[in-house]
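Okay, here's the structure, questions in a sec.
In what follows, residues are counted from 1 in the order of the sequence shown.
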Amino acid sequence: MAPLATTMDILKLLNKSNCRACYEKTCLAFAAAVFKGKRHLSECPLLEQEVLDRYAGTVIKRKTVEEDQEEVLAHLKSQVIQRNLEVAAKNIGGSFANNRLTAKIFGKDFSIDGEGNLYSDIHINPWVTIPFLSHILTSDGSAPAGKWTPLRELKNGQSWQGLFNQRCEKPLKRVADAYTDIFEDLIHIFNGKAVEKHYQSDISLVLNPFPRVPLLICYWRPDEGLESDLHLFFDQFVERHLSIEGLFGLGAGLVRMFEKIALRHGAGIAT
Ligand code: SF4
């Protein structure tokens with residue numbers, strides 16, 4: 001029996017009905033949680049006992065993160081191309097022409113055509129492409145609420161807050177501590193916008209990963225014995241456009257981008 005080595009191997013065992021009886025939004029989200037060790041296969045109540053027995057005690061021999069991302073990307077692309085891209089483009093605030101859906105990712109054009117081919121002026125990076133394709137599949141086209149909220153206060157955010165803080169906010173803070181000019185770079189490179197200071201932060205900056213998924217970054221400099229701090233805030237209605245897993249993926253992608261920019265400037269980042 002082949003080991004369960006990837007998210008897609010796990011997904012193949014599920015019935016793909018996205019029934020949510022496991023409290024995940026989709027079977028793919030459940031498979032990803034099992035792959036990461038956060039959930040157990042037996043938590044899908046629709047799996048036959050025979051399947052559970054067959055895989056009981058199976059050591060998951062993981063593929064590399066890149067290999068897993070490739071498989072998730074291929075799966076998402078196969079779902080996206082079954083959608084009406086013209087409708088999807090409207091939902092996400094993009095455009096549709098010549099059989100291509102185009103939207104601004106961090107202010108730069110990014111397209112997918114009806115065959116699943118991707119086009120972009122920026123480097124096509126799976127850390128951004130995976131949340132983008134999920135966004136196309138999730139967005140209901142509604143307008144943002146225009147009110148910022150931390151991840152923990154989103155409907156499904158509470159259980160992800162700890163991981164989000166460890167894997168996204170803390171690493172972003174370390175980069176900002178080592179290279180505070182990063183905020184100016186983000187304005188230039190990613191069409192960010194400095195905004196009125198929120199929550200008494202020293203720096204508040206809005207990025208637009210996707211048109212209907214704005215992101216507020218607040219940074220507090222160290223002050224009189226107090227450590228610096230950094231938090232991300234999302235639009236109150238963001239889950240109508242991207243699942244909580246997608247937001248986590250986006251945060252992880254931001255960490256990669258921050259680190260690349262800082263390294264280019266020779267900033268030493270303590271881990
Ligand atoms: S309970 Fe099983 S079939 Fe239903 S969404 Fe979760 S993983 Fe998919």
Side-chain angles (χ1 to χ4, degrees), residues 104-108 122 125 127-128 131-132 135 144-271:
K104 299 273 184 206
I105 295 191
F106 292 108
K108 310 258 179 15
I122 53 173
N125 170 343
W127 295 97
V128 172
F132 178 60
H135 173 45
K147 192 166 172 236
W148 297 113
T149 190
L151 186 109
R152 67 172 181 279
E153 285 176 21
L154 294 173
K155 193 166 142 247
N156 298 296
Q158 187 74 49
S159 59
W160 282 76
Q161 180 59 42
L163 195 64
F164 186 72
N165 184 251
Q166 285 300 323
R167 301 273 177 85
C168 303
E169 291 175 318
K170 280 194 175 165
L172 291 174
K173 180 185 93 71
R174 281 197 289 270
V175 178
D177 288 344
Y179 179 62
T180 310
D181 284 351
I182 192 145
F183 296 106
E184 277 167 33
D185 284 353
L186 291 175
I187 290 173
H188 295 303
I189 304 171
F190 296 121
N191 294 294
K193 195 171 154 217
V195 292
E196 192 187 324
K197 291 171 182 136
H198 286 261
Y199 312 108
Q200 285 144 17
S201 61
D202 294 305
I203 297 172
S204 293
L205 182 81
V206 171
L207 296 179
N208 286 290
F210 315 132
R212 297 210 200 281
V213 184
L215 176 70
L216 172 67
I217 304 174
C218 290
Y219 178 68
W220 293 261
R221 290 198 173 92
D223 186 27
E224 293 180 7
L226 284 177
E227 261 196 51
S228 63
D229 210 353
L230 185 149
H231 288 288
L232 301 182
F233 298 86
F234 299 95
D235 185 84
Q236 199 180 24
F237 291 166
V238 71
E239 286 172 284
R240 296 179 184 180
H241 299 283
L242 189 58
S243 66
I244 206 83
E245 298 85 9
L247 292 173
F248 178 79
L250 203 54
L254 267 185
V255 173
R256 294 268 164 143
M257 289 188 275
F258 265 48
E259 286 174 348
K260 267 193 178 171
I261 295 170
L263 286 173
R264 232 184 280 149
H265 289 268
I269 303 158
T271 53

message: Holding to side chain to side chain donor-acceptor pair (under 3.5 Å), I want the full list of residues that pass it with Asp185, two or more places apart in sequence or in another chain.
response: Tyr179, His265
- prompt: How about Leu232 and Leu172: do any of their side-chain heavy atoms sit closer than 4.5 Å?
  reply: yes
task: State whether the number of non-hydrogen atoms from other residues, nucleotides or ligands found under 6.0 Å of Lys108 atom NZ is greater than 12.
output: yes
Side-chain heavy atoms of Tyr219 within contact of Thr180, under 4.5 Å: yes
field: Shortest non-hydrogen separation from Pro131 to Gly249 and the atoms involved
entry: CG-C, 4.0 Å
- request: Please identify each residue that fulfils side chain to side chain donor-acceptor pair (under 3.5 Å) with Asp181, with sequence neighbours left out.
  value: none
- prompt: Using the ring of each side chain (for Trp, its six-membered ring), is His135 parallel, tilted or perpendicular to Phe210, with breaks at 30° and 60°?
  reply: parallel
- prompt: Is there a side-chain contact between Trp148 and Pro214 (heavy atoms, below 4.5 Å)?
  reply: yes
task: Working to the nearest 0.5 Å, report the span between CG of Leu207 and CD1 of Ile189.
output: 11.0 Å
- request: Might you work through the side-chain contact (heavy atoms from CB on, under 4.5 Å) test for Phe106 and Asn208, ending with a clear yes or no?
  value: CA-CA 5 Å; Phe106 292 108; Asn208 286 290; over 6 Å; no
message: Any side-chain to backbone donor/acceptor pair from Trp220 onto His231? Under 3.5 Å, distance only.
response: no
query: Is a side-chain N or O of Glu239 found less than 3.5 angstrom from the main chain of Asn156, in a donor-acceptor match?
result: yes
field: Spatial distance of atom CG (Leu186) from atom CG (Asn191) [nearest 0.5 Å]
entry: 11.0 Å
Distance-minimising heavy-atom pair for Pro150 and Phe233: N-CD2, 3.7 Å
- prompt: Within the side chain of Trp127, is there an N or O that forms a donor-acceptor pair under 3.5 Å with the backbone of Met257?
  reply: no
field: Geometric class of the Phe258/Phe183 ring pair [parallel <30°, tilted 30-60°, perpendicular >60°]
entry: perpendicular
- prompt: Could you give the distance from CZ (Phe248) to CG (Leu151), rounded to the nearest 0.5 Å?
  reply: 10.0 Å
- prompt: CG/Leu154 to CD1/Ile244 distance, rounded to the nearest 0.5 angstrom?
  reply: 5.0 Å
message: For Ser243 versus Glu245, what's the shortest heavy-atom pair and its separation?
response: OG-OE1, 2.9 Å
- request: Heavy atoms only: give me the nearest Cys168-Gly251 pair and the separation to one decimal.
  value: SG-C, 3.5 Å
- prompt: Does the pair Leu216 and His198 meet the rule for a side-chain contact (heavy atoms from CB on, under 4.5 Å), with working shown?
  reply: CA-CA 9 Å; Leu216 172 67; His198 286 261; 3.8 Å; yes
message: If I compare all heavy atoms of Pro144 with all of Phe237, which pair ends up nearest, and what's the gap?
response: C-CD1, 4.2 Å
query: Taking Asp202 for the side chain and Arg221 for the main chain, is one N or O donor matched with an acceptor at less than 3.5 Å?
result: yes
statement: Heavy-atom closest pair (Pro211 atom, Lys104 atom, distance to 0.1 Å) is CD-O, 3.3 Å
statement: Here the gap from Ile217 atom CD1 to Leu205 atom CG, rounded to the nearest 0.5 Å, amounts to 5.0 Å
- prompt: Which value, rounded to the nearest 0.5 Å, describes the distance between Glu169 atom CD and Leu163 atom CG?
  reply: 11.0 Å
- request: Starting from the C-alpha separation in whole Å, work towards a yes-or-no answer on side-chain contact (heavy atoms from CB on, under 4.5 Å) for Asp229 and Tyr199.
  value: CA-CA 12 Å; Asp229 210 353; Tyr199 312 108; over 6 Å; no
